[in-house]
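Taking it in order: structure first as structure tokens, then the write-up.
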Number of protein chains: 2
Amino acid sequence: MKVSVRSKSDGRKEILDAAAVAFMEYGFAGTSIDMVAEVLGSTKGKIYYHFKSKTSLFLDVHRETMTTYIEAVEEVAKGPGTPLDKLSGILTTLATQVMERLPYAKVAVEGVDMHMSRSTTPEQRAVLREIIDLRDRGEAILVRIIEDGIEQGLLRPCNPRLIVKPMLGALNWMTVWYRPRPQDTPESRKALADTLVNYLLNGIVAPADGRASA
Amino acid sequence: MKVSVRSKSDGRKEILDAAAVAFMEYGFAGTSIDMVAEVLGSTKGKIYYHFKSKTSLFLDVHRETMTTYIEAVEEVAKGPGTPLDKLSGILTTLATQVMERLPYAKVAVEGVDMHMSRSTTPEQRAVLREIIDLRDRGEAILVRIIEDGIEQGLLRPCNPRLIVKPMLGALNWMTVWYRPRPQDTPESRKALADTLVNYLLNGIVAPADGRASA
DNA sequence: ATAGCATGATACCCAGGCGTAGGTTATAGA
DNA sequence: TCTATAACCTACGCCTGGGTATCATGCTAT
């Protein structure tokens with residue numbers, strides 16, 4: 001058991017953070033390992049000591065993101081409340097995650113498209129499977145909650161699988177236009193998340209009666 | 001005035017199509033000019049005869065996409081109907097465009113993030129400005145329509161600028177999950193577009209009364 | 001038919017980037 | 001104090017890929 005001021009996992013975490021920042025800015029193909037090293041304030045050597053290849057590094061960043069997502073989603077899903085409450089909670093959590101961990105979120109967005117095409121080694125394909133499974137698990141949870149909501153008459157009848165796509169898409173699209181500002185606070189982020197989630201749940205068409213949305 | 005079986009613009013168009021396909025698959029940085037040439041069934045020479053650089057080619061594909069978008073949007077916007085009709089029409093048109101011209105749509109999505117960071121020459125920056133202006137014009141039209149809708153009591157009061165983002169984001173996200181199938185028809189695409197647009201306008205929460213959505 | 005131009009192919013140069021081999025420092029244990 | 005190993009750095013090999021310079025081919029007009 002090693003007890004040093006800097007454990008191995010610390011080094012890995014730092015590299016993941018730096019990689020996320022670099023990948024966010026220039027994308028996977030457009031980022032060189034040297035650029036990651038520069039963000040890290042280090043050299044390639046350190047990175048290749050901890051990661052086998054550029055692809056592995058990218059996949060690990062992606063997996064890290066998805067793991068964080070699924071944990072947040074499952075926590076809300078297992079909690080109390082109506083399906084509508086849970087749906088709202090999950091979407092709000094995800095929106096907040098995107099804002100607070102923008103580099104990781106962007107990597108996840110780019111990584112989704114990278115499925116296939118690349119990734120040669122069996123080990124990388126295993127990580128890829130893991131990532132895809134995490135994503136599918138998250139989507140399945142949402143679909144299930146929506147089905148419950150429809151059954152209970154809380155939600156409009158629809159094809160949940162088709163609705164989940166634009167729902168998550170709208171949140172993921174935040175990575176394109178949202179830019180953190182110095183004056184941002186947890187409260188202001190919460191407000192933005194609420195605005196978006198409220199729209200995603202209630203739409204924009206005015207109700208026929210005078211009922212106001214929550 | 002030259003009249004030959006193959007005009008110069010034909011050559012350009014073919015290259016743009018091939019480039020869109022290649023860029024869609026591997027992204028800007030991940031696509032080599034040789035790959036575009038291979039898709040085209042030609043060699044680099046042809047491409048560099050028509051385009052000054054890889055970046056210019058990419059930007060031209062992007063501009064082509066945005067031009068098509070804005071034309072479609074303006075046509076609907078200038079037509080008859082309530083703001084709600086127009087909004088619905090524009091979103092449906094865009095969704096259809098994405099499905100029918102998926103490679104171009106994907107380039108546009110990636111290109112949005114590429115603003116800044118790259119593009120050295122003044123000429124390229126001019127094209128970039130043009131593209132950004134097209135996008136802003138499109139968004140402004142949508143914002144204006146939403147404002148009108150709110151004023152007329154057709155739409156729920158909200159911040160139009162904040163609502164346009166998830167709206168278009170949900171549509172752009174189609175480039176991630178939508179894959180054309182052989183059995184797809186204009187009708188099936190229309191049905192899918194309608195489903196999405198209906199969700200984006202009406203949300204998913206069931207109305208308090210028994211009113212069914214259109 | 002032939003000069004001239006539009007169009008396309010081929011060969012090449014060189015910068016940049018992935019991955020590696022081997023060296024260097026520091027910490028832990030004997 | 002001495003050695004082994006973990007953690008990191010340096011220098012390099014080699015290939016990919018953007019861009020160019022040059023050559024080949026056909027179409028148009030006189």
Side-chain angles (χ1 to χ4, degrees), chain A residues 1-19 21-23 25-61 114 117-124 127, chain B residues 1-19 21-23 25-61 107 110 114 117-124 127:
Chain A
M1 170 134 172
K2 306 295 154 50
V3 178
S4 56
V5 281
R6 285 178 57 146
S7 74
K8 177 158 181 171
S9 63
D10 278 347
R12 269 186 67 96
K13 187 81 171 60
E14 285 169 14
I15 295 172
L16 287 173
D17 284 348
V21 169
F23 285 141
E25 190 113 7
Y26 299 99
F28 174 74
T31 302
S32 71
I33 295 290
D34 288 297
M35 292 163 73
V36 176
E38 197 181 336
V39 172
L40 185 60
S42 176
T43 65
K44 274 208 291 204
K46 178 168 183 175
I47 295 170
Y48 276 104
Y49 176 76
H50 287 278
F51 297 88
K52 291 179 64 176
S53 69
K54 183 183 171 184
T55 303
S56 295
L57 174 57
F58 184 86
L59 289 176
D60 277 3
V61 175
M114 230 176 85
S117 338
R118 289 170 262 289
S119 68
T120 46
T121 79
E123 198 179 30
Q124 288 171 4
V127 177
Chain B
M1 170 135 178
K2 306 297 155 50
V3 178
S4 56
V5 282
R6 285 178 58 143
S7 74
K8 176 159 182 173
S9 63
D10 278 347
R12 269 187 68 95
K13 187 85 170 59
E14 286 168 13
I15 295 172
L16 286 174
D17 284 348
V21 170
F23 286 141
E25 190 114 6
Y26 299 99
F28 174 73
T31 302
S32 71
I33 295 290
D34 289 298
M35 291 162 75
V36 175
E38 196 181 336
V39 172
L40 185 59
S42 176
T43 63
K44 273 207 288 202
K46 178 168 182 176
I47 294 170
Y48 275 103
Y49 176 77
H50 288 279
F51 296 88
K52 291 178 64 176
S53 68
K54 183 184 171 184
T55 303
S56 295
L57 174 57
F58 184 86
L59 289 176
D60 276 2
V61 174
V107 168
E110 191 194 351
M114 229 176 85
S117 335
R118 289 171 263 287
S119 69
T120 47
T121 79
E123 199 181 28
Q124 288 171 5
V127 177

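Chain letters run A, B, ... following the sequence lines, proteins first and then strands; every chain starts at 1.
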State which residues pass side chain to side chain donor-acceptor pair (under 3.5 Å) with A:Glu38; sequence neighbours excluded, sorted by chain then number.
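Scan of A:Glu38 (side chain to side chain donor-acceptor pair (under 3.5 Å), adjacent residues dropped) gives none.
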What is the distance, rounded to the nearest whole Å, between atom [atom1] of [X] and atom [atom2] of [N]?
X: A:Tyr49; N: C:dC18; atom1: OH; atom2: C1'; value: 20 Å
X: B:Lys46; N: C:dA11; atom1: NZ; atom2: P; value: 19 Å
X: B:Leu40; N: C:dT7; atom1: CG; atom2: C1'; value: 13 Å
X: A:Ile33; N: D:dC8; atom1: CD1; atom2: C1'; value: 15 Å
X: A:Tyr26; N: C:dG16; atom1: OH; atom2: P; value: 14 Å
X: A:Phe58; N: C:dC18; atom1: CZ; atom2: C1'; value: 17 Å
X: A:Met35; N: C:dG17; atom1: CE; atom2: P; value: 7 Å
X: B:Tyr48; N: C:dT10; atom1: OH; atom2: P; value: 17 Å

Exercise: do B:Glu14 and B:Ser42 side chains pair donor with acceptor under 3.5 Å
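No - no donor-acceptor pair under 3.5 Å links their side chains.
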Between B:Ser42 and C:dG8, is there a contact of a side-chain N or O with OP1 or OP2 at under 4.0 Å?
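Checking C:dG8 against B:Ser42, no side-chain N or O comes under 4.0 Å of OP1 or OP2.
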Minimum-distance nucleotide (side-chain atoms of [X] versus [options]):
X: A:Lys54; options: D:dC9, C:dG8, C:dG19; result: C:dG19
X: B:Thr43; options: C:dG19, C:dT10, D:dG19; result: C:dT10
X: A:Ser32; options: C:dA9, C:dC18, D:dG19; result: C:dC18

Determine the contact category for A:Lys44: base if any of its heavy atoms lies under 4.0 Å from a base atom, sugar-phosphate if only primed atoms, P, OP1 or OP2 are that close, otherwise nothing.
base
Counting any heavy atom closer than 4.0 Å, what does B:Ser56 reach on the DNA or RNA strands: base, sugar-phosphate only, or nothing?
nothing
Anything under 30° is parallel, anything over 60° is perpendicular, the rest tilted; go ahead and classify B:Phe28 against B:Phe23.
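B:Phe28 and B:Phe23: tilted rings.
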